[in-house]
Chemist: 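Take this structure, written in structure tokens, and hold onto it; I'll ask about it next.
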There are 2 protein chains.
Amino acid sequence: MYADTIMKKTYSEENYLKAIYHIDQNGLKVSPKAIAAALDNNPASVIDMIKKLQEKLLISYDKVKGAKLTASGQASALDIIRKHRLWEVFLVEKLGYDWDEVHDIAEQLEHIQDDRLAAKLDAFLGNPSFDPHGDPIPAENGKMPVYANIRLSDLEVGNKGKVGSVRDTSTPFLKYLKQLQLGLGSSIEVLDKLEFDQSMIISINSGPAQTVSSKMTSNILLIPG
Amino acid sequence: MYADTIMKKTYSEENYLKAIYHIDQNGLKVSPKAIAAALDNNPASVIDMIKKLQEKLLISYDKVKGAKLTASGQASALDIIRKHRLWEVFLVEKLGYDWDEVHDIAEQLEHIQDDRLAAKLDAFLGNPSFDPHGDPIPAENGKMPVYANIRLSDLEVGNKGKVGSVRDTSTPFLKYLKQLQLGLGSSIEVLDKLEFDQSMIISINSGPAQTVSSKMTSNILLIPG
DNA sequence: TTTATTAATTAGGTTAATCTAATTATATAT
DNA sequence: ATATATAATTAGATTAACCTAATTAATAAA
């Protein structure tokens, strides 16, 4: 059997790959303890599975650096996350569940095995880019959609978002952002919006209220939620 | 814990209940051997599970009479079959699969656990009575809709019927039907019946005469007229 | 740097669901 | 009725995924 053959993964292996991906995305070290916490099981069990996933070339592992997904491990993890999020869209949009009720069902549905299922579901749902929680749905090739796609100027009063990108990259603008202590990843809450000139009163990273112009708000792209 | 408490069943237990139901429906004795054949496993494994299902009061078992579902065992079996058939409708009607491609996927989907899922899926699909193979979908209370129940093999020469369902939903059989251009709703006329092997000469949708075996005709159920 | 704490790992078990091989029971055929 | 074939059952292993308890390694504190 070839090393790059896509081997069928067990339900449990898939859950480990997903957990490893998420822990890594959070910028944490992927330790046996962290994985055990994520999967609500025992570090000793995790060690067993780490060995198995290493043999299958899905992860590498080093006591000090923790676990890292290989290219094929990452592809698998993204495939599962893709399916999870597509099913969440289905459950909310088509079956009428609330967004806070679908996680456990999607945890089961994500493991359904069929070569064409994700693509067909994706098409049926109209190729959504985000799940009901605002999390991006990886494409078939594993690419994540560009997430920042809501202008701050379009955000309603009382809503929040995280800065994903800026449309104006001129020096004066970026200097202004620096002065506001606003960078990629900053959380913004809209406290108020003034009708007469569309300027906003916002809080950056839960800091003090600040007034910003419509020119500013139309150049900030946010990750919703 | 009360005896009539609905206990969560494992994936495997659900498959046994379903197999027992189907074997019984076919009028056969539900023996360890028959169950093993249906599940493609070993009679010794079946004996173990028979004991377990007996303890859980889902079946009764007698060496001579075979296994019988108890009321709660039958309710469970019908619930799984209901989910299986609802998912088949979803896969064909909504995702665009062909009817001969959905069995294996529905085998997985039928085990998804959520109290409200079947009802929501049922409503979303418009409360269908039959799955894409023409098999009746049990209602929430376990009641089966009345359906086509005359076998093609029992039809007299010169009579006609419309295909209402097929009793064998295996991929090879469905592929054969596809090749014959025979689907649900197809009209069939019996042109002749050969005494020596019970094979028939039929016309599908007023098409050319074709010879089909008794094995084929005993697996086609017709709505008379 | 030695101690205390926490994390990683090993060793040995458990459970569910399977298996093979051997045995016992039932059914069939002469 | 006895031999033969087939089915049911028992006994004992195996595998995947988990566990607890003991040990070793690494990190943090005194």
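Everything quoted here is computed from the prediction, not taken from an experiment. Labels below follow one simple rule: chain letters A, B, ... track the order of the sequence lines, proteins then strands, and each chain is numbered from 1.
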Chemist: Can B:Asn15 and B:His111 be counted as having a side-chain donor-acceptor contact under 3.5 angstrom?
Modeler: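 Looking only at side-chain atoms, B:His111 and B:Asn15 do form a donor-acceptor pair, the distance falling under 3.5 Å.
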
Chemist: Let me know the distance between NZ of B:Lys65 and P of C:dT26, rounded to the nearest Å.
Modeler: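 Going from B:Lys65 (NZ) to C:dT26 (P), I get 15 Å.
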
Chemist: Let me know the distance between CD of A:Glu14 and P of D:dA16, rounded to the nearest Å.
Modeler: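 These atoms are roughly 16 Å apart.
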
Chemist: Over how many whole Å does the gap from B:Ile35 atom CD1 to D:dA8 atom C1' extend?
Modeler: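 Interatomic distance, CD1 of B:Ile35 to C1' of D:dA8: 12 Å.
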
Chemist: Quick one: do the B:Asn219 and B:Tyr176 side chains pair a donor with an acceptor below 3.5 Å?
Modeler: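 B:Tyr176 and B:Asn219 do not have a side-chain donor-acceptor pair below 3.5 Å.
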
Chemist: Need one value for A:Tyr16: base, sugar-phosphate or nothing, where a base atom within 4.0 Å counts as base even if backbone is also close, heavy atoms only.
Modeler: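 Sugar-phosphate contact only - A:Tyr16 comes under 4.0 Å of backbone atoms but never of a base.
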
Chemist: Taking only Lys NZ, Arg NE, NH1 and NH2, and the carboxylate oxygens of Asp or Glu, determine whether B:Asp168 and B:Lys215 approach each other closer than 4.0 Å.
Modeler: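 Here B:Asp168 does not pair with B:Lys215 in a salt bridge, since their nearest N and O are not under 4.0 Å apart.
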
Chemist: On the nucleotide C:dA16, are OP1 or OP2 found under 4.0 Å from the side-chain N or O atoms that B:Thr10 carries?
Modeler: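 Answer no for this pair, as no side-chain N or O of B:Thr10 is under 4.0 Å from OP1 or OP2.
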
Chemist: Please report the distance, rounded to the nearest Å, between OH in B:Tyr11 and C1' in D:dA16.
Modeler: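 Nearest whole value for this atom pair: 16 Å.
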
Chemist: Figure out the OH/C1' separation between B:Tyr61 and D:dA8, and round it to whole Å.
Modeler: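 Nearest whole value for this atom pair: 6 Å.
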
Chemist: If you draw the axis of the six-membered ring of B:Phe124, does the NZ or CZ of B:Lys94 fall within 45° of it and under 6.0 Å from the ring centre?
Modeler: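 Yes.
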
Chemist: Are side-chain heavy atoms of A:Asp24 and A:Lys68 found at a separation under 4.5 Å?
Modeler: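 Result yes, sub-4.5 Å side-chain heavy-atom pair found.
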
Chemist: Which residue lies toward the 5' end of DNA chain D, A:Lys63 or A:Met49, if each is placed at its nearest nucleotide?
Modeler: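 Its nucleotide being nearer the 5' end, the pick is A:Met49.
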
Chemist: Report the distance from atom CD1 of A:Ile50 to atom C1' of C:dA7, rounded to the nearest whole Å.
Modeler: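 Going from A:Ile50 (CD1) to C:dA7 (C1'), I get 12 Å.
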
Chemist: Would you say C:dT26 has OP1 or OP2 under 4.0 Å from some side-chain N or O of B:Lys33?
Modeler: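 For C:dT26, neither OP1 nor OP2 has a side-chain N or O of B:Lys33 closer than 4.0 Å.
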
Chemist: Would you mind checking if B:Asp98 and B:Lys178 are paired as a salt bridge, meaning a charged N to carboxylate O distance below 4.0 Å?
Modeler: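 So B:Lys178 pairs with B:Asp98 through a salt bridge.
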
Chemist: Over how many whole Å does the gap from B:Asp62 atom CG to D:dT9 atom P extend?
Modeler: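 Going from CG in B:Asp62 over to P in D:dT9 covers 9 Å.
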
Chemist: Please give, in whole Å, the distance from D:dG12 C1' to B:Ile47 CD1?
Modeler: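 One finds 16 Å between C1' of D:dG12 and CD1 of B:Ile47, rounded.
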
Chemist: So if I define the base as every atom that isn't primed, P, OP1 or OP2, how would nucleotides 19-24 of chain D read as a B/S/- string at a heavy-atom cutoff under 4.0 Å?
Modeler: BB----

